[in-house]
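Basis for what follows: all heavy atoms, side chains included, without hydrogens, waters or symmetry-related copies.
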Amino acid sequence: MSRFFAGGSDSDSDSSSDSEPVIRQQVAQFTFSDEEEDVKRVVRSKKEKRYEDLTNIIKSIRNHKKIKDMSSVLTSFEEFMRAYTKALPVVMKEEGGVTPRIVVRALAELEDFVNESWDDKDSRKNLSKNNNKALGTLRQKFRKYIKDFESDMKRFRAAPEEFAEEEEEDEREDEKGSDDEQEKVVVQPDVPKAVSFKKEPEKVKPVKPADDSDSSDWGSDSDSDSTSSDEDAKYTSIRDRFLKKPEKGTDELSAAPAGAAGDDAFKKEKKKKTAESLSKKKKPKQDEMFDENEEEEEGWKVVNGTRSGASEQPKMFAKDAEIDTKLVVNKLNEVMAARGKKRTDRKMQIEFLRELRTISETNNLGPAVVAKIRFNIVSAIFDYNPKVSGAMKLEHWSKLLEEIQELLKLLLEHEDVHLSESILDEYEEYDTAPFKIRGCMLTAVERLDDEFVKLLKECDPHSNEYVDRLKDEVPVTGIIDQVVTYVERLGNEMEICRIYLRKIDHLYYKFDPNVLKKRKGQLPANTVTSVEEMDKLCRYIYAKDQTDRLRTRAILSHIFHHALHDNWFQARDLVLMSHLQETIHHSDPSTQILYNRMMANLGLCAFRHGNIKDAHLCLVDLMMTGKPKELLAQGLVPQRQHERSLEQEKIEKQRQMPFHMHINLELLECVYLVSAMLLEIPYMAAHEFDARRRMISKTFYQQLRSSERQSLVGPPESMREHVVAAAKAMRHGDWNACANFIVNKKMNVKVWDLFYEANRVREMMIKFIKEESLRTYLFTYSNVFASISVPHLAEMFKLPKSKVHSLISKMIINEELMASLDDPTETIVMHRSEPSRLQALSMQLADKVTNLVDANERIFEMKQGNFFQRGGNQGYNRDRQNYRNQNQNQNWNNNRRQDNRNRGNRGNQNRGEGREQREHHRDHHREQRDHREHQREYREQRDQMRNVDYQNKAE
């Protein structure tokens, strides 16, 4: 019988001798058979049942949260709501209406989980469709359900540790009570020796040295058997043997006397342990690892958690090694040989390189070796970030700036150090001047500039973090200026063009007020402004660049900068001479985005100069699409027809512009709508009854029509509503109301104050509103007046007489207004050649009917010709089939000859009939055409006679 059973010891053991009596321990007097255990029933209260159901559901919710199974979490939460509803009567009765601690804690954990999952947009995109849908449903249901537990949640948030302590204390007290009951059943008073269920603390034996004999290490068989028999004597049942052994702290507590004092000591110890466990959870993993290592008795070795432990790290020089250039370069190559490998620890690689740089500077190995090591450090920092699309960490960014600045300072101080990509590794020179090193400083700076843009995109544009990151543009531009000096010294034209374009990218969108001050003579003539700097950089690229992309981007940036400083004519001439609008569709997306930005800024410049038509033409392509935000790379608009894939969305996000380079979209739309209003409203008034009238601006026309369809129109609130209300006022010639809708406090704050010299722009707009309102008034009411006084018009529209005279003269010359000017009386005499409303509608109807008749006749002619041809063929086939059916028994040769004969007769007959009918129809159409031409000539003669009569009456 095995020693693991409580009945006794092994009879075959070598340690027991024949003379020694076997002492057997008493077993429990009460044994339960399997049948009695099956029959036994446990009676539980209603409280225990409800609480057990809640506890099981909460456990399942926690398990599902670990694997982020949102569908299962939602299902378990619905079960939890139903279970808690059933348990409410028990809670009201037993707990006095106080929510159980375990429920409050579970709801708080679930709330944190839902909020974290919802805020983490990247992980939300990776969820499946069902899990994503379940997360939204769970969030809605949970937010609605949690309203009943607001006070409990506040108490939990205020002191979560108290909830945790009380909860764990209750659980442990329950476990303790159950263990005590079981012990009372098992332990018997008849045992002669008091049996202790607590394990006595064992003394740690000192470890003997390894050179001892095997017998001293392992002991004899008699020792092991006596030990096993002693262990068997401790237990009275199988259950006691396999119970979990209490720890040292619990042994001390068990030795305390029973009663209130012992219970208090037990509770205090439990609370202390719970607080320690919670504080340990809050520690970082690394600190926790070190804490655990300190507590270990045998002293564990701390191992780095990365995978690089599998590969051996390169070792530094020996203590007695003579450090020279060759040794350092070999060690550098050894360190860099692990670059890009799978198990390379990138952080350790950077530390090794810095240590190597310190050694080379200490031993004065020369500027070439230091420059080579610094360049490799820059490359290693770039490699530290594995994600190409993601930005690097801020600590690495600051170190990268320092390393590049020090490297550039070294290269500029030592002109004999040549860093070039064309130098091969075999031809590098570190000992004698001129030093030659393989590498490209320009590529490193371009990568630095790209990382700076990524950092800006990662930040929230409305936070202070974005402002802090934007301050780094000063050192970045300083580095670019240093590289410009370095590359100009080397004299490579292609590299100079590349670094010039990087400098242009940081310069073209920035407004320089010194340009306008110098134009007004407020600054001396030798002051260098950004326009002159841009002109110098762009002209060099125009002359020396051999690739179309650099030249195209330089032209677009040059135009943008000119338009930003109101150099309208220079910007316009560059656009017209470059012909970029014809070839821009073949460029890469980033260049097309720059083209769209240039056209938007050029339209704003044209509007500031009062060129309304040019401003409308520049902006119409952007605004007609309805998605200027995407075209200017200032954000993504959700698509309704088809969703973007994750790859497409990722690529488009990489193309977005930083926030400080954005163009105000509301300003852009307002300028476009105002320009469209100034062009569209007079045109609509002049061609009110023209059936072939075209729309100048489809977007503005849609806004106007949607406002007219509304049954109740309130006062304008948004920018679009202000422009539409102004357009309605202009249609009636009310310039004052139109100007008040366009220029007011709300519009000034939203739009017009964003312009440089906003007062000049507002005055220009009011002047144009007066002029176009005058033209609209004359177009609309010209058929009402026989003559109009010019001074009256000047007073009505607050315009000088000369301006009114000029406008009316242009309208008469362009044949827009059928009138004449009487200079002595300063009046406009209307010729009344314009038809009335009824006449205009009748003429429209006549034109439409004529067009409809012509179209029907053309269709009828086409069908007539096809009908005759098709009918002849069908008749021939039908007769041939009948003939064959009647003569099936005749000879095939006779049938064929007869068939050919019949075919010729019928073909001649059909051709003759078709020719006569076609000639008849041609004659009929010719007569109708002659009749229409005669009517047209008659109408023209009648109109001429009417004009002559009107002129005679006017004279």
Side-chain angles (χ1 to χ4, degrees), residues 453 493-494 496-511 515 530-609 611-634 651-652 654-658 661-663 665 668 671-672 675 697:
V453 175
E493 294 180 352
M494 191 61 202
I496 293 175
C497 290
R498 286 168 59 189
I499 194 61
Y500 276 3
L501 187 62
R502 287 288 171 174
K503 189 173 182 180
I504 287 170
D505 288 341
H506 285 272
L507 187 63
Y508 79 95
Y509 63 90
K510 296 177 181 176
F511 178 75
V515 176
S530 61
V531 172
E532 297 172 356
E533 183 72 17
M534 282 285 295
D535 190 65
K536 170 196 168 186
L537 299 175
C538 293
R539 285 181 182 276
Y540 186 89
I541 295 177
Y542 299 157
K544 304 294 184 180
D545 179 49
Q546 300 177 358
T547 62
D548 292 335
R549 184 178 182 275
L550 296 183
R551 189 185 301 110
T552 301
R553 292 188 66 87
I555 292 174
L556 293 175
S557 303
H558 202 183
I559 296 169
F560 190 102
H561 201 68
H562 275 310
L564 192 64
H565 295 89
D566 284 344
N567 295 331
W568 160 248
F569 295 103
Q570 292 90 332
R572 183 197 62 182
D573 294 342
L574 271 175
V575 172
L576 296 177
M577 287 189 300
S578 61
H579 299 282
L580 288 176
Q581 59 271 21
E582 300 173 2
T583 59
I584 195 63
H585 301 289
H586 304 289
S587 303
D588 57 293
S590 60
T591 306
Q592 294 184 22
I593 291 169
L594 182 58
Y595 174 80
N596 294 334
R597 288 169 53 81
M598 180 272 296
M599 291 301 295
N601 205 24
L602 189 63
L604 296 177
C605 177
F607 184 80
R608 290 194 296 267
H609 276 263
N611 300 320
I612 304 299
K613 288 185 179 179
D614 295 328
H616 184 268
L617 288 175
C618 291
L619 299 177
V620 67
D621 290 335
L622 281 174
M623 308 307 296
M624 284 284 287
T625 58
K627 47 182 181 180
K629 192 174 184 179
E630 286 189 357
L631 294 176
L632 296 175
Q634 297 182 185
I651 292 172
E652 290 184 6
Q654 292 176 4
R655 296 172 183 161
Q656 299 301 303
M657 304 298 295
M661 299 174 65
H662 284 190
I663 300 172
L665 294 177
L668 208 62
V671 168
Y672 170 73
S675 303
S697 173

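Interatomic distance, NE2 of H585 versus CG of L580, reported as 11.0 Å (0.5 Å rounding). N567 CG to L574 CG: the interatomic distance, rounded to the nearest 0.5 Å, is 10.5 Å. For the atom pair L665 CG and L632 CG, the distance stands at 6.5 Å (nearest 0.5 Å). T552 OG1 to Q592 CD: the interatomic distance, rounded to the nearest 0.5 Å, is 11.5 Å. In this structure, the separation between CD on E582 and NE2 on H586 is 10.0 Å, given to the nearest 0.5 Å. Rounding to the nearest 0.5 angstrom, the gap separating the CG atom in D545 from the CZ atom in R553 is 12.5 Å.
Between E533 and K503, the shortest heavy-atom distance links the atoms OE2-NZ, 3.2 Å. Here the closest heavy-atom approach between residue A633 and residue R655 is recorded as CB-O, 3.6 Å. A pairwise comparison of heavy atoms in R597 and I663 identifies O-CD1, 3.9 Å as the closest pair. When all heavy atoms of L501 and A554 are compared, the pair lying nearest together is CD1-N, 4.2 Å. Between A615 and G603 the shortest heavy-atom distance is CB-O, 3.4 Å. What you find for R549 and S590 is that their closest heavy atoms are NH2-OG, 3.5 Å.
Put simply, the side chain of E532 does not reach to within 4.5 Å of the side chain of V515, judged on heavy atoms. The side-chain heavy atoms of Y500 and L550, taken from C-beta on, include no pair separated by under 4.5 Å. Residues F607 and S675 meet the side-chain proximity criterion, which asks for heavy atoms closer than 4.5 Å. By the 4.5 Å heavy-atom criterion applied to side chains, P658 and V453 are counted as neighbours. No side-chain heavy atom of L564 sits under 4.5 Å from any side-chain heavy atom of C605. Here the side chains of Y672 and L622 are not in contact, with every heavy-atom distance at 4.5 Å or above. A 4.5 Å side-chain heavy-atom check between L631 and I593 finds every atom pair outside the cut-off. By the 4.5 Å heavy-atom criterion applied to side chains, F569 and H562 are not counted as neighbours.
Remark: side-chain polar atoms of H565 are not paired, donor with acceptor, to backbone N or O of F511 under 3.5 angstrom. The backbone N or O of E652 sits less than 3.5 Å from a side-chain atom of Q656, completing a donor-acceptor pair.
Taking the ring centroids of H558 and Y508, they lie at or beyond the 6.0 Å cut-off.
Y509 and H561 form no side-chain donor-acceptor contact under 3.5 Å, judged by distance and modelled atom types alone.
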Before giving the answer on side chain to side chain contact (heavy atoms under 4.5 Å, CB included), spell out for I541 and I504 the whole-Å C-alpha distance, their side-chain angles and the decisive distance to 0.1 Å.
CA-CA 11 Å; I541 295 177; I504 287 170; 3.8 Å; yes
Apply side chain to side chain contact (heavy atoms under 4.5 Å, CB included) to S530 and K510, showing your working.
CA-CA 9 Å; S530 61; K510 296 177 181 176; over 6 Å; no
List the steps and the verdict of salt bridge (charged side-chain N to carboxylate O under 4.0 Å, His left out) for R572 and D614.
CA-CA 10 Å; R572 183 197 62 182; D614 295 328; 5.6 Å; no
Applying side chain to side chain contact (heavy atoms under 4.5 Å, CB included), run through K544 and I496 and close with a yes or a no.
CA-CA 9 Å; K544 304 294 184 180; I496 293 175; over 6 Å; no
Evaluate V620 against S697 for side chain to side chain contact (heavy atoms under 4.5 Å, CB included), listing each step before the verdict.
CA-CA 8 Å; V620 67; S697 173; 5.8 Å; no
Go through it in stages, so that I can follow the logic: the residues are R551 and D548, the test is salt bridge (charged side-chain N to carboxylate O under 4.0 Å, His left out), and I'd like the CA-CA distance, side-chain angles, deciding distance and then a yes or no.
CA-CA 5 Å; R551 189 185 301 110; D548 292 335; 3.2 Å; yes
